[in-house]
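Excluded from the calculations below are hydrogen atoms, water molecules and symmetry mates; all remaining heavy atoms, backbone and side chain alike, are included.
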Amino acid sequence: MPALEIDPTSGPADGLAAVVALRRLADLMEDAEVERAMRSGWSWPQVAEALGVTRQAVHKKHAQRLIAAGVDLRRR
Amino acid sequence: MVTRLAPDARSLFTAAEIEARTNRSPLVEAEHLLLAMSAHPATDAGQVLASAGLTHEALERALATEFEASLAAGGVSVAAGGQDRPSARQTRRLRLSASFKAAIERSVTASSGSRQIRPAHLLLGVLGAQAGTVPRALRLAGVDQAELATLTRQALAG
């Protein structure tokens with residue numbers, strides 16, 4: 001069967017694009033909110049618990065970026 | 001015959017990664033390659049984009065429109081500039097997304113018979129996508145994707 005001609009801006013395309021956009025928004029929000037919490041003095045375990053992920057996961061994802069941004073992360 | 005990346009095509013890869021970083025993206029996507037082309041108007045691809053009115057600024061606007069429209073389709077509205085801007089990711093090398101890899105594969109196919117992969121071949125690869133962010137952004141910007149591909153082929157032939 002030949003592939004269906006796709007209209008990139010209607011019906012299923014809108015729904016699938018919404019999934020992509022919401023994932024991107026969640027990623028952007030996570031970066032911004034983790035940074036805000038750590039700048040406010042939260043610890044890694046506290047941020048991890050609030051996000052419902054492990055401390056290792058949140059540390060691995062954000063530590064390097066926040067250190068480079070000048071957030072003091074010692075003794076957290 | 002082994003096809004090789006032309007130097008100005010190679011530099012677009014680096015530029016695409018910078019675009020991804022600027023956009024706080026964890027992956028280099030096809031739209032970042034397109035943004036990189038539009039920022040290099042001296043390349044054959046950049047000329048084609050400019051002739052269609054797709055400057056870097058116009059493309060950024062189109063992509064922002066697409067993002068907002070897609071969020072709206074998901075029932076979410078975000079006030080422009082209403083979010084905190086997180087600090088940029090510092091990972092040494094960003095990974096390539098599926099949309100980027102697919103565009104490169106199409107570019108390699110499009111360049112068969114040519115000595116090198118030129119920026120316009122990369123543009124043909126990006127324009128080969130049927131669904132996703134790039135086709136949506138172009139459609140919302142009122143750009144005819146097929147016509148743009150035809151212009152690109154003409155630029156390669158001429």
Side-chain angles (χ1 to χ4, degrees), chain A residues 1-42 44 46-48 50-51 53-54 56-74 76, chain B residues 20-27 29-32 62-94 97-99 126-146 148:
Chain A
M1 193 175 90
L4 182 75
E5 271 291 311
I6 293 173
D7 177 347
T9 53
S10 73
D14 275 344
L16 294 168
V19 174
V20 174
L22 289 166
R23 281 198 186 119
R24 182 172 164 224
L25 180 64
D27 280 343
L28 286 170
M29 278 185 75
E30 180 178 326
D31 285 357
E33 296 304 329
V34 169
E35 183 166 345
R36 180 151 73 134
M38 295 307 285
R39 284 187 190 280
S40 307
W42 286 46
W44 289 115
Q46 288 169 333
V47 171
L51 285 174
V53 299
T54 64
Q56 288 85 353
V58 74
H59 187 274
K60 185 180 176 199
K61 195 166 174 185
H62 298 283
Q64 199 190 10
R65 175 176 69 88
L66 295 181
I67 289 165
V71 183
D72 183 6
L73 299 176
R74 281 170 299 177
R76 303 268 189 108
Chain B
R21 230 176 263 284
T22 306
N23 285 282
R24 306 291 188 269
S25 172
L27 300 171
E29 305 273 357
E31 56 266 32
H32 301 133
L63 288 165
T65 302
E66 191 282 328
F67 185 48
E68 280 168 33
S70 298
L71 285 178
V76 169
S77 77
V78 174
Q83 285 172 275
D84 288 345
R85 285 283 279 177
S87 299
R89 290 167 192 273
Q90 292 294 319
T91 34
R92 281 187 300 281
R93 203 67 197 268
L94 295 184
S97 75
S99 72
V126 171
L127 293 175
Q130 285 186 63
T133 303
V134 168
R136 288 172 62 80
L138 293 177
R139 173 72 66 90
L140 291 171
V143 173
D144 185 326
Q145 189 176 334
L148 199 55

Greatest number of heavy atom pairs closer than 4.5 Å to chain A - which of B:A69, B:S70, B:G74: B:S70

For each of A:V20, A:I67, A:V34, A:L22, tally heavy-atom pairs with chain B at distances under 4.5 Å, and name the one with the top tally. A:L22

Nearest atoms (heavy-atom pairs only) where B:R136 meets A:T9: NH1-CA, 3.8 Å

Pick whichever of A:A18, A:G15, A:A13 has the most heavy-atom pairs under 4.5 Å with chain B. A:A18

Ionic contact status for A:D27 with B:R24, cut-off 4.0 Å: no

Side chain, backbone, both or neither: which part of A:R39 has a non-hydrogen atom closer than 4.5 Å to chain B? side chain

For side chain to side chain contact (heavy atoms under 4.5 Å, CB included), just list the numbers for A:R24 and B:L71, CA-CA rounded to whole Å, side-chain angles, deciding distance to a tenth of an Å, and then say yes or no. CA-CA 10 Å; A:R24 182 172 164 224; B:L71 285 178; over 6 Å; no

So which part of B:E66 gets closer than 4.5 Å to some heavy atom of chain A, the side chain, the backbone, both or neither? side chain

